[in-house]
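Below is one structure, written out as structure tokens, with a few remarks after it.
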Amino acid sequence: MTDTELQAKIAERWGAGASQSAARERRLYVTVALAEVKPVMKWLKDELGCYHLSTITGLDSGANWEVLYHLHDGRAELTLRTAFPKAADGARPHIPTVTDIIPGAILYERELQDMFGFIVDGIPDPRRYVLPEDWPADVFPLRKDYKVEK
Amino acid sequence: MPGIRIPIGPQHPALKEPESFTFELDGEQVVNADVRMGYAHRGIEKAFEDRTFIQGIYLAERICGICSTSHTTPFVLNAEELLKLEVPRRAQYIRALVGELERVHSHLLWLGVAGHEVGFDSLFMYTWRDREHVQDMLEVLSGNRVHYGINTIGGVRRDVNADQIARLKEMNKLALARTEYYIRLCTAEPTFISRIKGVGMLPKKDALDLCAVGPMARASGVKRDVRKDDPYCGYDEMPFDVITADTCDILGRAVVRALELVQCYRIIDYILANLPAGDVKIRAPRRIPPGESIARYEAPRGENIHFMKSNGTDKPDRVKVRAPTYGNMPATLVTLKNCFVADIPIIVAAIDPCFCCADRMVRLVDRKGRDDRWSWAQLQNFAREWISRNRRA
């Protein structure tokens, strides 16, 4: 399927709920609301064959948290992304697990919990993965407010 | 007596790098396996944010000791995409050349390690001897055996001359002849085959569900290779086939890697015969305009993905790296289930976990003709003096 065909199919099914852009050939972005991540991902997997999740990238972009799911259908890299505002009281953000759709996401979700402090709701195995067991519970190294001690 | 749990690692003779496996055993059989990583976590993603893009290339090079160019290439590809640079074709071909040499030495290294883990140490010694020819060629091309330092933003740092091409062609012929011998061995040597056939099974469904990458996925019948699916560095012009196997076991992984070597030699031959003329580098600005870019790269161990976000300064806002061994970890746990304890080392080795191969001393020739060999006592003295000189007050 070419990029235009992929984009047309996504637009036909999800309409305004999924805004699309393309950085170049084979680099497609689909932006959805947080609540839509799971249904859209399931549809992408079942209907468009995007069954490979390369990784999940977390971003701390000032006022927002962003989560990027890097999927691909064997040809095009299709990044499903969502952004949502940070809580005013600094509470840890919640995202849903996608391991029931793509089981290979488990380690990436555990890494997100460690490095960004996301709480992945429904994660089958919430243990630490990257950081040591005695790492402080409220310090998340990839957040922008974490400064490396020189 | 089910439910016995034994830890293997973080430090264990069967592992070459620190990671911790926990096995639940029923007699000799593994019922369940669990892994804990992070013992060698160096905070590189955070460190990228503190360094300029140029410094970042050197940092990316040091993510891995075996596939060093597999990390700098996606890093510079991302930077070039954000800068909208048209990199000279000659530079792209040289990147692919170094990438393929890296794949050859990595696969030969793996064959040796696999031989060693199943008690076939002659194979280990033969492949590692042949790998030296490849390492020498990398040294001829770049000046280094491990961290080649070939990539820069806008192209490559060194050109390839006619003499180097002639030597590479010679090496390629020699390596091909040796590899044909290893292919016969992987497909016909009964002791080797019976040791690894049916061991470490990864069914195709699990390979897909758990997002396995590289030879691990291809040996389970998943035809997936970034060089074909999402070409970069001119791979769409180069002739090669994606090798798969459907045996889903370690034998399949060995056969896939051995046959992939032949494809590497094909690509190297094509590059040497068709190296485009022209520059190897164009000037690149230090500041990179705001934006995001994703680069995928087929490392020897599988898909390697880099994500880069720039904020318009000379330092990246975020660099995300996912190396192939990480992507293969969930699938590895499946291959370890229901195996025998004695098979653990070869099953873990079969994913080709990445460890540093930098353990080699380069002997520098002293122009004044002095002997440059140091005794142990001299080394100790040197270290003591160095420390007292550099110790912080």
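Convention: sequence-line order gives letters A, B, ...; per-chain numbering from 1.
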Quick check: closest heavy atoms across [X] and [Y], and the distance to 0.1 Å?
| X | Y | result |
| --- | --- | --- |
| B:Arg322 | A:Tyr108 | NE-OH, 3.1 Å |
| B:Pro330 | A:Gly104 | CG-O, 4.4 Å |
| A:Leu53 | B:Cys211 | N-SG, 3.4 Å |
| B:Tyr326 | A:Glu111 | OH-OE1, 2.7 Å |

Portion of [X] that has a non-hydrogen atom of chain B nearer than 4.5 angstrom:
| X | result |
| --- | --- |
| A:Ile56 | backbone |
| A:Thr99 | neither |
| A:Glu66 | side chain |
| A:Pro103 | both |
| A:Arg128 | both |

### Query
Which of parallel (below 30°), tilted (30 to 60°) and perpendicular (above 60°) describes B:Phe307 and A:His70?
tilted

Is [X] atom [atom1] crowded by more than 12 heavy atoms from other residues, nucleotides or ligands, each under 6.0 Å away?
| X | atom1 | answer |
| --- | --- | --- |
| A:Arg13 | CZ | yes |
| A:Glu133 | CD | yes |
| B:Asp246 | CG | no |
| A:Lys42 | NZ | no |
| A:Lys86 | NZ | yes |

### Note: A:Arg27-B:Glu81 ion pair, threshold 4.0 Å (strictly below)
no

### Query
In terms of side-chain geometry, is the basic nitrogen of B:Arg318 or A:Asp60 positioned less than 4.0 Å from the acidic oxygen of its partner?
no

Are [X] and [Y] packed together at the side-chain level, in the sense that at least one heavy-atom pair is separated by less than 4.5 angstrom?
| X | Y | result |
| --- | --- | --- |
| A:Ser61 | B:Lys309 | yes |
| B:Lys320 | A:Leu59 | no |
| B:Asp209 | A:Ile102 | no |
| A:Leu131 | B:His41 | no |
| A:Leu107 | B:Met37 | no |
| A:Arg81 | B:Glu292 | yes |

### Task
Report the C-alpha distance between A:Met115 and B:Lys46 in whole Å, list the side-chain angles of each, state the deciding distance to 0.1 Å, and finish with yes or no for side-chain contact (heavy atoms from CB on, under 4.5 Å).
CA-CA 10 Å; A:Met115 304 308 269; B:Lys46 189 75 180 178; over 6 Å; no

### Task
Could you have a look at B:Glu49, B:Arg296, B:Glu45, B:Lys223 and say which one has the most heavy-atom pairs with chain A under 4.5 angstrom?
B:Arg296

### Task
Please assess B:Asp230 against A:Arg26 for the test salt bridge (Lys or Arg N to Asp or Glu O under 4.0 Å), listing each intermediate value before the final yes or no.
CA-CA 7 Å; B:Asp230 190 2; A:Arg26 301 191 302 269; 2.6 Å; yes

### Task
Could you walk me through whether A:Tyr29 and B:Ile294 pass side-chain contact (heavy atoms from CB on, under 4.5 Å), step by step?
CA-CA 11 Å; A:Tyr29 291 87; B:Ile294 301 163; 3.5 Å; yes

#### Entry: Side-chain donor/acceptor of B:Arg36 to backbone N/O of A:Tyr129, under 3.5 Å
yes

### Task
Please lay out, stage by stage, how A:Arg127 and B:Asp34 fare under the test salt bridge (Lys or Arg N to Asp or Glu O under 4.0 Å).
CA-CA 12 Å; A:Arg127 290 173 300 159; B:Asp34 188 27; 2.7 Å; yes

Can you tell which part of [X] gets under 4.5 Å to a heavy atom of chain A, answering side chain, backbone, both or neither?
| X | result |
| --- | --- |
| B:Ala212 | backbone |
| B:Asn311 | neither |
| B:Ala40 | neither |
| B:Glu303 | side chain |

### Working for side-chain contact (heavy atoms from CB on, under 4.5 Å), residues B:Val222 and A:His52
CA-CA 11 Å; B:Val222 181; A:His52 183 82; over 6 Å; no

### Query
Out of A:Arg24, A:Glu25, A:Arg110, which one racks up the most heavy-atom pairs below 4.5 Å with chain B?
A:Arg24

